[in-house]
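Here the structure is laid out as structure tokens; the discussion comes afterwards.
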Amino acid sequence: MQRMGRLDSIDDLRVFDAIVRAGSLSRAAQELDVSLTLVSKRLKRLEAQLGVRLLQRTTRQLGLTEEGQEFLGRCRLALDAIQAAEEVCGDGHSGIVRVTATAAFAQRQIAPRLHRFLALYPDISVQILTSDDVLDLVERRIDLAMRQAPLADSRLIARPLVPDARVLCASPAYLAEAGTPRDPIDLTKHACLTVGDPPPAQWRLWRGEESVEVSIRSVAGGNDGEICHVGALADLGIAMKAAWDVVDDVRAGCLVRILPEWWGGTDRWVRIVYPARLHQPRRVRAFVAFMEDEMMQALAEAADLGLFEASALAKLQPRLGTARRRPLPTHPAPEPG
């Protein structure tokens, strides 16, 4: 990269980062709540100071130049360092926490708990980006993900939060009419609700080290897991769902776990995933600590529903036995820097 001029505005770096994340100048302006003219002006000034073109712009798309790609990485390191320095002058419990998760997990496990988190930290706001696809945390500047899929990106750090599982379930009304499967082969005679396009023709189930593949008949489904969830609640058939998606329905008796010795996968966990960086903002650490306490309490309350493998629950003893909801303090205790 050629020798650059002197930069005189941190805000120019923030604008450039926002443009790349948003994919256009207009969307960056909306995200930053400033005018499109100001965004364009700051980008032009930054490129003039550096003496290079950072972005290739056409009427239809925007892309990074080679110099822009290299500068982007260093720009984000600088913004992270500036953020860390700013936190030294305050308690760090302010700003936005950007989280991504599947729509089902966000709606059922994150959103209902936000009122308690915001009572603890009124100066923090939480923005949740829901997607069944694995979003690029670095590119989108997302602080953390709660993922039920394995980690594949070496730029990320993951740690287990709570066990998960894929379980078969149906409504009591459906089972009363169609009968309850007693063996995996019985699924061939039932209406099944599936995820995928085209819909799967088999389900693979595990019981310990034993596995079996069963042919199924998909009567309804789609590329969104909520379709088969709602269908199961509406007595349409049997669905294979993540345990955390159906835990409240099973507890309430709206859905029934079937074939309880069989699982749609082994050793599944909800994981907290971060971009690999030296400094983790205090607001992010506060949110993670809160969700760890909340999810451990939820797991303790659901441990007897048969939705989680005994081997996974055993790994968390004795924490499950002592899980209690934290009282809400008037002011959050300061964290170490």
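Keep in mind that this is a model prediction, so the values were computed, not measured. We're numbering straight along the sequence, starting at 1.
- Within a 6.0 Å radius of CG in Asp183, other residues, nucleotides and ligands contribute more than 12 heavy atoms.
- Considering CG of Leu72 and CG of Leu54, their distance stands at 9.5 Å, rounded to 0.5 Å.
- Note on Asp17 versus Arg14: no salt bridge recorded, every NZ/NE/NH1/NH2 to OD/OE distance being 4.0 Å or above.
- With a 6.0 Å radius and a threshold of 12 heavy atoms from other residues, nucleotides or ligands, Ile96 has its CD1 atom at or below the threshold.
- Side-chain contact between Leu55 and Leu43 is present, with at least one heavy-atom pair separated by less than 4.5 Å.
- Across all non-hydrogen atoms, the minimal contact from Lys241 to Cys228 is CD-SG, 3.8 Å.
- Here the side chains of Leu137 and Arg147 are in contact, with some heavy-atom distance below 4.5 Å.
- Between the CG atom of Asp164 and the CZ atom of Phe105 there is a distance of 7.5 Å, given to the nearest 0.5 Å.
- Rounded to the nearest 0.5 angstrom, Ile157 CD1 and Arg271 CZ are separated by 14.5 Å.
- Both Val99 and Leu114 belong to a single network of hydrophobic side chains, linked directly or stepwise wherever heavy atoms of I, L, V, M, F, W or Y lie under 4.5 Å apart.
- Using a cutoff of 4.0 Å between basic side-chain nitrogens and carboxylate oxygens, Arg45 and Asp12 are scored as salt-bridged.
- For Arg207 (side chain) and Glu210 (main-chain N/O), no donor-acceptor pair under 3.5 Å exists by modelled atom type.
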Derivation and outcome, side-chain contact (heavy atoms from CB on, under 4.5 Å), residues Trp269 and Lys315
CA-CA 12 Å; Trp269 289 76; Lys315 292 178 181 179; 3.9 Å; yes
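- Linking Ile, Leu, Val, Met, Phe, Trp and Tyr whenever their side-chain heavy atoms come within less than 4.5 Å puts Val20 and Leu36 in one cluster.
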Next item on the list: Start with the C-alpha gap between Trp244 and Met295, add the side-chain angles, then the distance that decides, and say whether side-chain contact (heavy atoms from CB on, under 4.5 Å) holds.
Entry: CA-CA 10 Å; Trp244 286 109; Met295 293 305 297; 3.8 Å; yes
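- Between Tyr121 and Phe290, a ring centre-to-centre spacing not shorter than 6.0 Å is recorded.
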Check your understanding: Which is it for Leu144 and Val97 under the side-chain contact (heavy atoms from CB on, under 4.5 Å) test, yes or no, and what are the steps along the way?
Key -> CA-CA 8 Å; Leu144 67 114; Val97 178; 4.1 Å; yes
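- Rounding to the nearest 0.5 angstrom, the gap separating the CD atom in Glu226 from the OG1 atom in Thr102 is 8.5 Å.
- Applying the side-chain hydrogen bond (donor to acceptor under 3.5 Å, both in side chains) rule to Gln109 yields the partners Arg113; only residues at least two apart in sequence or on another chain are considered.
- The nearest pair of heavy atoms linking Val195 to Gly225 is CG2-CA, 3.7 Å.
- Taking Ser40 as the reference, nothing meets the side-chain hydrogen bond (donor to acceptor under 3.5 Å, both in side chains) condition, with sequence neighbours excluded.
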For this session: Assess whether side chain to side chain donor-acceptor pair (under 3.5 Å) is satisfied between Thr37 and Ser35, documenting all intermediate values.
Result: CA-CA 5 Å; Thr37 300; Ser35 69; 4.7 Å; no
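- For the pair Pro163/Leu316, a side-chain contact is recorded, criterion being any heavy-atom separation below 4.5 Å from C-beta on.
- Note that CD of Gln56 and CG of Leu62 are 9.5 Å apart. Values are rounded to the nearest 0.5 Å.
- No continuous path of ILVMFWY side-chain contacts below 4.5 Å connects Leu236 to Leu233, so the two sit in separate hydrophobic clusters.
- Among all heavy-atom pairs drawn from Ala103 and Thr130, the shortest one is CA-CB, 3.7 Å.
- Counting only heavy atoms from C-beta outward, the side chains of Tyr274 and Ile142 never approach each other to under 4.5 Å.
- Look at Glu47 and Arg42 and you find no salt bridge, because none of the NZ, NE, NH1 or NH2 atoms lies under 4.0 Å from a carboxylate O.
- With side-chain heavy atoms closer than 4.5 Å counting as contact, directly or through intermediates, the hydrophobic cluster containing Ile238 also holds Leu168, Tyr174, Leu175, Leu187, Trp203, Leu205, Val212, Val214, Ile216, Met240, Val256, Ile258, Leu259, Trp262.
- Using a 4.0 Å cut-off between charged nitrogen and carboxylate oxygen, Asp143 and Arg98 do not count as a salt-bridge pair.
- Using a 4.5 Å heavy-atom threshold, the side chains of Gln127 and Leu129 count as touching.
- Going from atom OG1 of Thr194 over to atom CD of Gln202 covers 11.5 Å, rounded to the nearest 0.5 Å.
- Considering only heavy atoms from C-beta on, Arg217 stays 4.5 Å or farther from His190 through its side chain.
- Side-chain atoms of Arg283 and Asp123, non-hydrogen and from C-beta on, never get closer than 4.5 Å to each other.
- Taking a 6.0 Å sphere around CD of Glu177, one finds it holds 12 or fewer heavy atoms contributed by other residues, nucleotides or ligands.
- Summarising the geometry of Gly265 relative to Glu309, their closest heavy-atom pair is O-OE2, 4.2 Å, with the distance given to 0.1 Å.
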Practice prompt. Verify side-chain contact (heavy atoms from CB on, under 4.5 Å) between Arg53 and Glu67, making sure each step is shown before the conclusion.
Written response: CA-CA 7 Å; Arg53 181 175 289 276; Glu67 292 83 2; over 6 Å; no
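- At least one side-chain heavy atom of Leu13 sits under 4.5 Å from a side-chain heavy atom of Phe71.
- Residues Ala303 and Leu313 share a closest heavy-atom pair of O-CD1, 3.9 Å.
- Of all heavy-atom pairs spanning Asp245 and His229, the tightest one is O-CE1, 3.0 Å.
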